[in-house]
Amino acid sequence: MHRYPGEIAGVRGPMPDPRPNEPAPSPRGLRPPSAQLDLPALEKEILALWEERGIEARALQTSQGAGSRESFVFYDGPPFATGLPHYGHLLAGTIKDVVPRFWTMRGRYVERRFGWDCHGLPIENLIENELGVHGRAEIEELGVPTFNAACRAGVLRYTAEWEVVVKRMGRWVDFVNDYKTMDASFMESVWWVFRQLWDKGLIYEGYRVQPVSPALGTPLSNFEVAQGPQEKDPVTKKEGHRRRQDPSLTVRFALEDEPGASLWAWTTTPWTLPSNLALAVHPEVEYVKVRLVDTGEVAYLEPGRLAEYQARGRVGATEELARLRGADLVGRPYAPLLPYFAEYRERDDGRRWAFKVVAATYVTTDSGTGIVHQAPAFGEDDYAVGLAEGLPLVNPLSLNGIFDESVADFAGLFAKDADKGIVERLRREGKVVDQDVIVHPYPHCYRTDQPLLYMAISTWFMNVERIRERLVELNREIRWVPEHVGVGRFGNWLENARDWNLSRNRYWGTPLPIWRCDRDPSEMVCVGSVAELEELAGLERGSLSDLHRETIDPITWPSKAGGTMRRIPEVFDCWFESGSMPYAQNHYPFDAAKKSYVEDNLPADFIAEGLDQTRGWFYTLHVLAGALFDRPAFRNVIVNGLILAADGKKMSKRLKNYPDPSHVIESYGADALRAYLISSQVVRAEPMRFGKSAEDTTGECVRDMVRVAILPLWNAYNFLATYAAADGWQPSAADLELRPSGDLDRWILSRVQGMVAEVIEEYESYALWNIVPAYLRLCDDLNNWYIRRGRRRYWRARGGDGAAADAAAERDKAEAYGTLFRALVTVATAMAPVIPFFSEVIYQRLMVDTGLASAESVHLAAFPEVDASLRDHALEEAVAHVRRTVAVAQALREKEGVAVRRPLPTLTVAVHTPDVAAALRHFEADVLGELNVKALALTHDDADLVTLKAKANFKSLGKRLGGKMKAVAAAIAALDQKALRSLGAGGRLEVEGEALTAEDVILVREPLAGQAVASDGDVTVMLDLAVTPALAREGLAREVINRVQNLRKQAGLEVSQRIILFASGAGEVAATLGDGAMRELIAGETLAIEVVVGEVPAAIGDRASDAIDGDAVELGLTLAFEDEGGDESDDDGEDDDDEGVSA
RNA sequence: CGGCCCGUAGCGCAGCGGUCAGAGCAUCCGUCUGAUAUGCGGAGGGUCGGAGGUUCAAUUCCUCCCGGGCCGACCA
């Protein structure tokens, strides 16, 4: 590429902005377009602008001016800050930003306090690993104060990074006035919530058999169990718990009422045998009593199971002595297998207590012996049976799985390690029937990989079942997006809700505020506030500033029974804390200033979290609000799904199957990422693959969003700014109210209103995924029709020269500018919640730089109101029809192989309604211009163009005809042209005895062979391909123009640089060049001030040779030196189409 | 094993009783210069996971099956 002298001086038109992204030097003008668009850089400028002008703070202000705004209540679910934010957080953050921004622009006050979840096992585990302490024993040895201090110090370690990412995404949220679940004020409110439940009698103590991680010394939630190591079953190929080898032990329990006979039972957990208290049989199942031929032993078991033992060669031949139902065995006493809890054999009154056969319907005959060993402390079913049978609850194990002194022989041993000794002892005592090894899936600890132990743990429950029905009712008041989560997943969960285990045997959490007498456990106090505790304990008022275990646990006071009141050791399930967030974030009800605020703001208008919160935050919020206030906790909720990597797998740092979020943001900008996320089905709780295809690991999908959602708006702005700059046009306040007279202008404003109405509806119904598509449709209308068709209106002379027709032309131009301006402002404003940065860029340039804005930011502006008076549905339909017609004709040109460059004489359009005819006539200039045809003909009679085929209109006929439908449909398909044409013309017809009108038949038009006809739906067009010599010549001229333009590009010219064109050609090309009108056409379109026909001088460097329709053409060009001034001298003044010949 | 969701074009997805099943990306073809080639226009591409059923009519509703996802249950 080379440059010409004089280029700079002669340059007109848009100048690249040397400092693309700097503030406008002088206000009141539209900033000229920049050469390049660096979106991330622009976004950072906007961030700085928001910061500098305090925009965010102002948007978050409680009141504006005199009157306080009505609240729109948003609750933010607290994340853990123990890791960095990932796409799931960015998605949730985007949803949580779009909705509040919308309502803020609608005049509501939206408080958006960020929350941090500080308590819970994740942080405890992290700290355990960092400190190198594992399990309760080690933590307690280290000391709770030390441990909790470490948790406190560690839990907020990533908050700064979070803040950076959240802000960079454009999310406005209050980090200063945030809440933390470990704040004393927050925790005190949690106590208050608990006390409310206590007073309502919704809290009780119970036992629950739970999986315990012995190494961690803590029960695990089901969620944690599910996180444990998984593997596929080699046979079924199903994912399940990791498989492990365990002993498979069958033992005999000697019946006390039948010497020499025993009951056989099977277990894979010998360590539970010391705690055996009963044997369970299914009352309906048939059992046998057999004698072993070899040994003479008499045993009871289920016959199918016996056969199985025998098949495996584990048991020899038997002789059947009797058959009986399980129910017949119930109540029979047996001797304790091991001596440790033999004292439970009988109650004080002498009645049999433990060590007897009980009935249980959960007993199956799939495995074991059909007789099930019961250790109520170690199995959920066992516990239930124990409860029903009134058995004692014995548990010789600590939470670390270590036997205590009650099982003296194995005291100090870990349960699984005791297996061996227990088996050995039983074998010695002749109580082992069979010993084997079993490989089975078994849950393991997600942290330590050790097998979990199930055991009964003392726990504190909230009685959810009692209020369950009311909770189900309250759920009906909630709008779930998508709906099915509310009725399905959440609704079903609610209907089956079980009592909520609120307590955890951990350290770093809100302590349960229950103090209990160490002598009389029934003496308890539930403390509902710090003040109350201080009073009970005789502490100075206000002396307690922290409520964690290290501070609270030492607080005691004398009990009525003469003992000491001590706090029970448990802390809350951290879900209880997040569920208390609506109250606790405002220190309810202790903060008098906010008391009514909290009450007035329940339920929240809006929350949004992931599908995984169904049983988490959604549930706990709902339960607590229902229990405390008999209200739902939220009115509207958007549930988002899981974001997967492009390959459909989970995002994995190790696999690197997804792009780094910050890299994506810094490549394409946060707006594009927001628009991408919000447009996907992931905002309807469905899983989403982050990528445009399985191979997209770089975030190409987001780049596409830049192309389709950002650039069109940018280009439209640039168009306006370019001509405004060249023309000296400036927007005025009146343009914002402009009611243009021209159809094109009225049309685009109508479309803009339609788009605004559409997005308002989507915002209001929380159907966020529909917003961007509606906007994209408008972008297409704006760029590919409105601006494209209106282009020449902006080129017109800047007043001045021929004053004749100029008053009208000036007015038209002003309306063109004003309309485009108004459209851009409206669209940018309506999209501000979704693309907050770019809409701000546009708004700043259009409104703030020009001094037109009353607000300093688009986000302080009011959301556009729909102005119904600007809508013209008929006009929108007319243009839609015109565009469709043009598209069909363009496809036809393509099919016929006639380039748009070659003018054709006539386009004939078959019209069937007056509306369509009027529309086409009305926009005739656009049709001619787009298609490069000289005339538009309309015909009502398309008999020459198409053959008609007919199909029955099932929709209208189906209901009426029912079973006769098939016959009628066949008859309709067989109708001839004449009948169809008469029907189409409004006639009536009788078929199979049924009267038909045009309504009942769908006409399908098929182009007749031999002509250039295309038909699509109700649009039929024909092109006249008969080209006159004059048209052919014009076509050739356009081919020449095309070659010259290519040459210009090849020569590296600016679009506005003038040239001198040298051209020669053979045959028809020569004739074209010899035609003065054609030369003028060529000159005008190629900005040639002169066309020199004849051999291209050898000195010309920029030259090209080609052939057009077989005739050679030689071209050369050189830069023309312009005389100064004559700014608009090239203006053609035409206004109908693009094809005008320059004057 | 249960609950909920999803299987539609090469890919990621709309549609969800009725007329030729749609847009986007990708592919292919055409087209550059008075805003945007990061553009514009066009074309090809589908047994709507499978099998039954209901219905005049099923991609759409029902049942079963297969495949995928999430959540949950069970494993004495």
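As a basis for the values below, the full set of heavy atoms in this structure was taken, side chains included, without hydrogen atoms, waters or symmetry mates. The sequence lines fix the lettering, A, B, ..., with proteins before strands; numbering per chain opens at 1.
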C1' gap between B:C11 and B:G2, integer Å: 33 Å
Rounded to whole angstrom units, what separation is found between the CG atom of A:Asn784 and the P atom of B:G41? 5 Å
Under 4.0 Å between a side-chain N/O of A:Arg489 and OP1 or OP2 of B:C70, yes or no? no
Contact class for A:Gln890 vs. all strands (heavy atom < 4.0 Å): base, sugar-phosphate, or nothing? sugar-phosphate
Does A:Asn276 use its side chain to pair, donor to acceptor, with the backbone of A:Ala278 at less than 3.5 Å? yes
Only pairs with both distances under 3.5 Å count, Watson-Crick or wobble alike; so what is the partner of B:C16 in this structure? none
By the 4.0 Å heavy-atom rule, please label A:Thr272 as base, sugar-phosphate, or nothing. nothing
For A:Gln1045, report the nucleic acid contact type (base, sugar-phosphate, nothing); a contact means any heavy atom under 4.0 Å. base
Go nucleotide by nucleotide along RNA chain B from the 5' end; which of A:Leu642 and A:His373 gets its closest nucleotide reached first? A:Leu642
For A:Arg777, which contact category applies under a 4.0 Å heavy-atom criterion: base, sugar-phosphate, or nothing? nothing
Aromatic centroids of A:Phe618 and A:Trp480 separated by under 6.0 Å: yes
To the nearest angstrom, how far is A:Ile787 atom CD1 from B:U36 atom P? 11 Å
In whole angstroms, how far is the C1' atom of B:C5 from the CG atom of A:Asn492? 12 Å
For the atom pair CG (A:Leu1081) and OG1 (A:Thr1086), what is the distance rounded to the nearest 0.5 Å? 9.0 Å
When you compare B:C16 with B:A26, how far apart are their P atoms, in angstrom units rounded to a whole number? 27 Å
Stepwise side chain to side chain contact (heavy atoms under 4.5 Å, CB included) check, A:Tyr817 with A:Leu720: CA-CA 7 Å; A:Tyr817 274 115; A:Leu720 179 66; 3.5 Å; yes
Within the 4.0 Å heavy-atom criterion, would you say A:Ala685 contacts the bases, only the backbone, or no part of the nucleic acid? nothing
Measure the CD1-CD distance between A:Ile1041 and A:Glu1085 for me, rounded to the nearest 0.5 Å. 5.0 Å
Which nucleotide in the list B:G34, B:C25, B:C6 gets nearest to the side chain of A:Glu686? B:C6
Partner nucleotide of B:C1 by Watson-Crick or wobble geometry (both distances under 3.5 Å): B:G72
When the P atoms of B:C4 and B:G41 are compared, how many Å lie between them, rounded to an integer? 45 Å
Counting side-chain heavy atoms from CB outward, which of B:G41, B:C25, B:G12 is closest to A:Arg707? B:C25
Should A:Leu39 and A:Trp714 be marked as a side chain to side chain contact (heavy atoms under 4.5 Å, CB included) after you check the CA-CA gap, both sets of side-chain angles, and the distance that decides it? CA-CA 11 Å; A:Leu39 285 172; A:Trp714 177 241; over 6 Å; no
When the P atoms of B:G24 and B:G42 are compared, how many Å lie between them, rounded to an integer? 9 Å
Is there side-chain contact between A:Thr722 and A:Tyr794, with heavy atoms separated by less than 4.5 Å? no
Taking syn as within 90° of 0 and anti otherwise, name the glycosidic form of B:C62. anti
Sort out the partner of B:G7 for me: Watson-Crick or G-U wobble, both distances under 3.5 Å, none otherwise. B:C66
Between atom CG in A:Leu931 and atom P in B:G42, what is the gap in whole Å? 11 Å
Take atom P in B:G7 and the same atom in B:G44, then report the distance between them in whole Å. 26 Å
Whole Å only: how far is the CZ atom of A:Phe690 from the P atom of B:C25? 18 Å
Between B:A57 and B:C70 - P atom distance, rounded Å: 40 Å
Of all the nucleotides listed (B:G34, B:C25, B:G42), which has the minimum atom distance to the side chain of A:Asp704? B:C25
What interatomic distance, in whole Å, is found between P of B:G22 and the corresponding atom of B:G15? 15 Å
In this structure, how many angstroms lie between the P atom of B:A23 and the OH atom of A:Tyr775, rounded? 22 Å
Which part of the nucleic acid, if any, lies within reach of A:Asn783 when heavy atoms closer than 4.0 Å are counted: base, sugar-phosphate only, or nothing? base
Ring geometry between A:Phe253 and A:His373 (parallel below 30°, tilted from 30 to 60°, perpendicular above 60°): parallel
Partner lookup for B:A43, please. Criteria are Watson-Crick or G-U wobble with both distances under 3.5 angstrom; report none if nothing qualifies. B:U27
Under 4.0 Å: is that the gap between some side-chain N or O of A:Arg689 and OP1 or OP2 of B:C11? no
Any strand, both distances under 3.5 Å, Watson-Crick or G-U wobble: B:A57 pairs with none
Could you give the CD-to-C1' distance, from A:Glu894 to B:C40, as a whole number of Å? 12 Å
Round to a whole Å and report the spacing from CG of A:Asp1016 to C1' of B:A43. 13 Å
Nearest-nucleotide wise, let me know which of A:Tyr723 and A:Val708 is further upstream toward the 5' end of RNA chain B. A:Val708
With P as the reference atom in both, quote the distance from B:U54 to B:C28 in angstrom, rounded to an integer. 48 Å
